Amino acid sequence: MRPIALFLALTAVLALPGCKKSTPPPTNSTGDSIDASTPVEIVPPLISQATRFGLAARLSKDTPFFIGSVDLGKHIEALKSSRYWTQVFAFIEDKTPSEPGTLPLTADDLAKSTVGDFAIAFGRDSGPAIRKLMELQALYSELTYYTMMAGGSASLMGGAPKSEDLMADAIAMPGLIDRVLALAKDVQVPTFFVGAKLETGDQLIQSLKTYLESSDKLRSARKSSLTTPLGETLEIREWKAGTWITDELVKTALESAPEDKRASIDAQLRELDTILSEKTLCLAFGKISDHAVIVLAPDRSAVEFVSDPNESLLARNDLRQMAESLINENLAALAVWSGSHLQQWIDPQPSKPILDGLLGGLRSSQMFAPMVDAIMPQVDTLEVAEAAFNDRQYDDGAAVFWWRDGLHGKTLGGASTADWILDQPLKFAPLLDTPGLVLGMDGHSASSDIGRAYFESMMGVLYGAGKQALG
């Protein structure tokens with residue numbers, strides 16, 4: 001019997017691989033059968049969780065600059081329940097005693113408040129507009145220092161120049177009106193978005209609308225509305241700049257100008273007024289993805305939102321490259337930027353307008369003109385060294401921040417590594433792992449040769465000026 005039993009057992013074992021298990025056909029989320037050969041679309045985590053990221057899912061992926069919080073309300077609630085929160089506010093209330101009800105904000109007030117996510121962004125083509133505004137600010141700084149020093153001896157000897165003297169000095173500044181005209185033709189408001197998810201968002205929008213309608217100066221705006229592809233409505237207000245150059249200003253300027261230049265200055269000021277009067281300003285406000293949103297733009301065509309997350313900032317490769325590996329972390333914020341946009345923010349010669357104004361004003365005085373001429377070689381050297389020191393190239397990039405036993409961050413792109421010495425170990429890096437460390441920072445420095453040349457150039461200008469002033 002045993003050989004027969006063994007034979008039957010072996011036969012059964014050998015037959016098992018030939019048995020086929022019945023497998024039910026695949027089904028979709030509703031339970032309906034689907035063709036197994038049909039390719040399944042894999043949705044990236046950032047896209048599938050788009051509503052979590054607020055305005056990042058509604059702004060075009062070519063938006064040049066964006067910073068937005070993620071789950072801020074959750075982080076604030078965690079902070080409110082922390083021991084740190086209790087101790088900090090106990091310390092503040094202990095060291096700044098006051099009568100009950102006189103503090104503008106208390107720990108209880110903050111504990112009861114509800115904070116949602118917020119975001120800020122610059123729209124497409126806002127980089128050149130920012131650059132023009134910076135150039136206008138630089139010209140204003142130069143003019144300020146020029147008029148301050150044009151009186152030369154009066155200013156330095158304690159005298160207070162009169163307003164008509166300041167106007168005359170401004171008119172006398174070489175090429176001033178021509179430079180203002182050139183800037184005025186291209187200057188415009190950069191497109192700027194700000195949004196916040198607030199319990200009182202509807203009241204905020206209504207308050208802004210009421211204010212605009214009640215203001216004598218603002219109610220003249222042309223009113224319209226804009227509807228997004230998802231059916232959200234934004235209120236639109238548009239203004240023209242109107243008259244900036246008044247007859248009184250022209251009269252004062254002409255009285256301060258040399259008689260042989262009055263006709264040309266009058267024509268230039270009238271041209272400037274025409275240019276400025278055609279400049280427009282657009283304000284849009286409303287609710288987008290449960291966020292109260294305000295947009296400042298040169299015109300309504302710059303106010304735009306997308307409806308498909310695949311066309312939004314969440315579809316940027318650099319952001320996806322980092323954020324999708326961290327999607328399950330306790331995310332706190334996202335940021336993206338365009339390198340060419342950041343480049344517009346950088347002024348390689350921030351001290352040049354100040355120096356040009358100071359030295360130009362002093363040169364108009366016979367007392368100080370020789371001193372200025374004597375130190376100009378050092379000033380020229382300083383300007384070259386400053387431009388080299390501040391020259392930075394920026395790449396497109398993104399950043400992700402998250403909480404895990406403290407705030408962590410990860411970035412991609414930004415300042416070009418070619419500008420930094422990265423082949424040397426960080427001297428103090430081991431100290432960052434010290435137990436109990438509260439705050440620590442270490443990093444690579446810029447080229448020491450360029451920095452040294454910049455510092456020595458500054459000292460050269462100061463030494464030359466001091467030597468001339470003291471004889």
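All figures in this text were calculated on a predicted structure; none of them were measured in a lab. All values below come from the heavy atoms of this structure, side chains included, with hydrogens, waters and symmetry mates left out.
- Nearest heavy atom pair, residue Val306 against residue Ser60, reads CG1-CA, 3.9 Å.
- Using a 30° and 60° split on the angle between ring planes, Trp402 and His408 fall in the parallel class, below 30°.
- Gln188 contributes atom CD, which lies 11.0 Å from atom CG of Leu281 (distance to the nearest 0.5 angstrom).
- For CZ of Arg219, the number of neighbouring non-hydrogen atoms (other residues, nucleotides, ligands) closer than 6.0 Å is greater than 12.
- To the nearest 0.5 Å, the span separating CG on Leu359 from OH on Tyr146 amounts to 12.0 Å.
- Between the side chains of Asn310 and Lys61, no donor-acceptor pair of N or O atoms lies under 3.5 Å.
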Could you go step by step and tell me if Arg262 and Asp266 meet the salt bridge (charged side-chain N to carboxylate O under 4.0 Å, His left out) rule?
CA-CA 6 Å; Arg262 290 179 181 177; Asp266 180 67; over 6 Å; no
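- In this structure, the separation between CD1 on Ile177 and CG on Leu269 is 4.5 Å, given to the nearest 0.5 Å.
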Decide yes or no on salt bridge (charged side-chain N to carboxylate O under 4.0 Å, His left out) for Asp125 and Lys132, but give the supporting numbers first.
CA-CA 12 Å; Asp125 302 324; Lys132 288 300 178 182; over 6 Å; no
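- The shortest side-chain heavy-atom distance between Leu208 and Ile294 falls under the 4.5 Å cut-off.
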Steps toward salt bridge (charged side-chain N to carboxylate O under 4.0 Å, His left out) verdict (Lys352, Glu386):
CA-CA 9 Å; Lys352 180 175 172 57; Glu386 182 180 49; over 6 Å; no
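- A donor-acceptor pair under 3.5 Å is formed between the side chain of Lys279 and the backbone N or O of Lys185.
- Distance check: Ser264 OG to Asp178 CG gives 9.0 Å after rounding to the nearest 0.5 Å.
- A heavy-atom distance below 4.5 Å is found between the side chains of Asp117 and Ser69.
- Sequence neighbours left out, the pairs with a member in residues 268-312 that pass ring pair (Phe, Tyr, Trp, His ring centres under 6.0 Å) are Phe193-Phe305.
- Under the side-chain contact (heavy atoms from CB on, under 4.5 Å) criterion, Arg320 pairs with Pro44, Leu46, Glu324, sequence neighbours left out.
- No side-chain donor-acceptor contact under 3.5 Å links Tyr394 and Gln343.
- With Ser365 contributing its side chain and Gly361 its backbone, the two residues share no donor-acceptor pair below 3.5 Å.
- Between atom CZ of residue Arg58 and atom OG of residue Ser307 there is a gap of 7.0 Å, rounded to the nearest 0.5 Å.
- For the pair Val336/Thr63, no side-chain contact is recorded, criterion being any heavy-atom separation below 4.5 Å from C-beta on.
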Test salt bridge (charged side-chain N to carboxylate O under 4.0 Å, His left out) on Arg237 and Glu235 and set out the steps.
CA-CA 7 Å; Arg237 300 291 185 272; Glu235 297 276 351; 3.3 Å; yes
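- Contact of the Asp273 side chain with the Gln268 side chain is not registered, since no non-hydrogen atoms from C-beta on lie closer than 4.5 Å.
- Residue pairs meeting the salt bridge (charged side-chain N to carboxylate O under 4.0 Å, His left out) criterion with at least one member in residues 295-315, sequence neighbours excluded: Arg124-Glu304.
- Taking the side chain as every heavy atom from C-beta outward, Met376 and Arg363 approach each other to under 4.5 Å.
- For the ring-ring contact (aromatic ring centres under 6.0 Å, His included) criterion with Phe122, the lone passing option out of Trp337, Trp345, Phe66 is Trp345.
- Using a 4.5 Å heavy-atom cutoff, the side chains of Leu334 and Leu313 are not in contact.
- Closest approach of Gln321 and Leu412 over heavy atoms only: OE1-CD2, 3.7 Å.
- Side chains of Thr144 and Tyr140 form a contact here, defined as non-hydrogen atoms less than 4.5 Å apart.
- With hydrogens and angles disregarded, no donor-acceptor distance shorter than 3.5 Å links the side chain of Gln344 to the backbone of Arg131.
- Residues Glu232 and Thr227 bring no donor and acceptor atom of their side chains to less than 3.5 Å of each other.
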